[in-house]
Amino acid sequence: MLRTHTCGQLRKEHVGTEVTLCGWVENKRDHGGAVFIDLRDRYGLTQVVIGPPEAEQASIDAAGHVSAESVIKVVGVVANRLEGKTNDKLATGEIEVRCPKLEILNACQTPPFTPNQPDLPGEDLRLKYRFLDLRRQEMQRAMVLRSQVIKIMRDYFAEHDFIDVETPILGRSTPEGARDYLVPSRVHPGDFYALPQSPQLYKQILMVAGFDRYVQVAKCFRDEDLRADRQPEFTQLDLEMSFVDADDIMGLIDGLVAKTAQQVLGKEVTLPLPRMTYEEAMRRFGHDAPDLRFDMEIVDITEVAKKTEFRVFRGTADAGNFVRGLRAVGAAEKYSRRQIDELTEFVKEFGAKGLAWFRVEENGTLWSPVAKNFDEEHLAEIKSLMGGEPGDLLMFLADTWDVTCKGLYALRKRLGKELELYGDDDLHCSWVTEFPMFERDEESGRWVAMHHPFTAPLESDLEKLQAEPENCHAQAYDLVINGSEAGGGTIRIHDQEIQSQVFDLMGIDEATAEDRFGFLLNALRYGAPPHGGIALGVDRWVMLFAGLENIREVIAFPKTQKASDMMTQAPGEVDTDQLTELHLRTLAKKQ
RNA sequence: GGCGCGGUAGCUCAAUUGGUUAGAGCCCCGGACUGUCGAUCCGGAGGUUGCGGGUUCGAGUCCCGUCCGCGUCGCCA
């Protein structure tokens, strides 16, 4: 080792010992007659002093010219800092290392930014110089946390008799689901591999193979547009079990959630985690991944709306649509007319035509720009349904079920944040279950699987499968942490007859099914045990447990919104020769 | 693909209604200084205002196009 200690290690008890430290020059303070250097590595910061009596003036002058972020090595003696000169902001602040000189292992060019400067540079620059950005304390903390979370997961599943099996990265494209990343085959002209969107089919086959409990930390790829919490390549903790039902899977993951919260945050989570059905989630929160860190549930006032003279409400209700709203406790004084106009514009982004709002006055009556359209009796009824108290703001959307869900979900999310209805440290984990089996594809009008085509329906819904597929629910479950989908899974179909019916409903005929999933269907004929599983979004877990709002902050080398890598410049052009070898020719060329 | 925000010195930002030579702090370079820890003090360097076009006597500022970054809708079994 080039060093005897790390930069976070030395304390008063080391005073008098000779040590060798290596690290980066975080900062230097040059006094001419002595130079102070803050030496940094991933463990901490130690003050190094180059000064008399042990250092000669030439060494002091040289130390004064060392550039920031250079890698240096120092040999020196640990000393107490002078009386009253300790630094209680540093773990090593009681001591310093007195050195005759410093050895520059690698001088640093003037960096475009320094890791721990007060103003964080723009994200594009951080990503271009990710090696500098990753030196920042926050980034190091996030990467350590990520490593811890993955270790907790691996240990937990190892303790539960899971077997870690790797599945291929080069697979076959299946048209369902997200857009595939494709890899051209050299030896099969015109054919392509697809990168896995998840190891779904392989893990089911591993169950057929009798592995019983499979787990993998799996890299997955989806060629869809990015979001703050979505990257084109991401990591799943993927698992599958045989001879289980949905309760078994959720119970298992409950234990992991509790263990992670305990070990990472020192928080006790009450088990079992609360569960609600998809329908309940949509009714109460307008979304399948509700943020339960705060209340503010959606209330349906359609029945009252029918009785009013307010055309927007009544017309909507009479047309069979819905009037639903939110009660923002004590928000009346926090939102001016102008700010409410802004909220109106906000909900319009989600298809709403407007936002009807009421303020609960001190005397308990409702005031609203549209109040004249309402009888007092109906206003009182609305207030009562909403549980309005003086100072509250009541806001309503009158629209289709879908638009009220989307608009009120977004509005609730925004209000929760702006009104600070939850704390930075709050953690709320829950399950959403019984998702619909199918949803209508807007373009083709066909039924498509909401999760994937191998998802088993609820036993109790089996008889509805043919006649009313829209009312058929799946043995599916999503893990929700702080309003974010942190994992999802299903119990799979192991019955040939039901599988055929599902394909049939989705308009996939036997030949097509055989062509796309033949290998799985084939495997299922050779003694497939009942099985099910789940995949957890590792990046999101880390993001949520770290209290961060952006997934790029927990990925060492993330991609930008246009899926490029600012550091390596990927994706990039390739030689024509490479294309020829792959039997490819590009249609588009950038100008 | 749609909508919104942003791009000015190496970095973070400022620049009145379109008006003088585009400023500040940090960084960098040179000098001074033995107790700093955002060291301090003196001096200096540093600009294709993302790019292209247009309007104008005059554009960082207004208009059009384009590139890049971020957020979001669509999309994400």
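Letters A, B, ... are given to chains in the order of the sequence lines, protein chains preceding strands, and every chain is numbered from 1.
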Which listed nucleotide ([options]) is nearest to the side chain of [X]?
X: A/A34; options: B/C76, B/U34, B/G69; answer: B/U34
X: A/R552; options: B/C11, B/G35, B/C70; answer: B/C70
X: A/D225; options: B/C37, B/C68, B/G74; answer: B/G74

| request: Report the base-pairing partner of B/G44 (Watson-Crick or G-U wobble, both distances below 3.5 angstrom), or none. | output: B/C28
| query | Which base, if any, makes a Watson-Crick or G-U wobble pair with B/C3, both distances under 3.5 Å? | reply | B/G71
Under 4.0 angstrom between [X] side-chain N/O and [N] OP1 or OP2:
X: A/K406; N: B/C73; value: no
X: A/T560; N: B/G69; value: yes
X: A/Q117; N: B/G38; value: no
X: A/N550; N: B/G71; value: yes

Contact list (N/O, under 3.5 angstrom) for nucleotides 42-45 of chain B vs protein:
none

| said: Counting only heavy atoms and a strict 4.0 angstrom limit, can you tell me which residues of residues 228-238 of chain A come near RNA chain B? | reply: A/A228, A/R230
| said: So is the aromatic ring of A/F36 stacked onto the base of B/U36, judging by whether the centres are under 5.5 Å apart and the planes are under 30° apart? | reply: yes
| task | Mark yes or no for whether A/K203, through its side chain, and A/L239, through its backbone, hold a donor-acceptor pair below 3.5 Å. | result | yes
| request: Evaluate whether atom CD of A/E138 has more than 12 neighbouring non-hydrogen atoms of other residues, nucleotides or ligands under 6.0 angstrom away. | output: yes
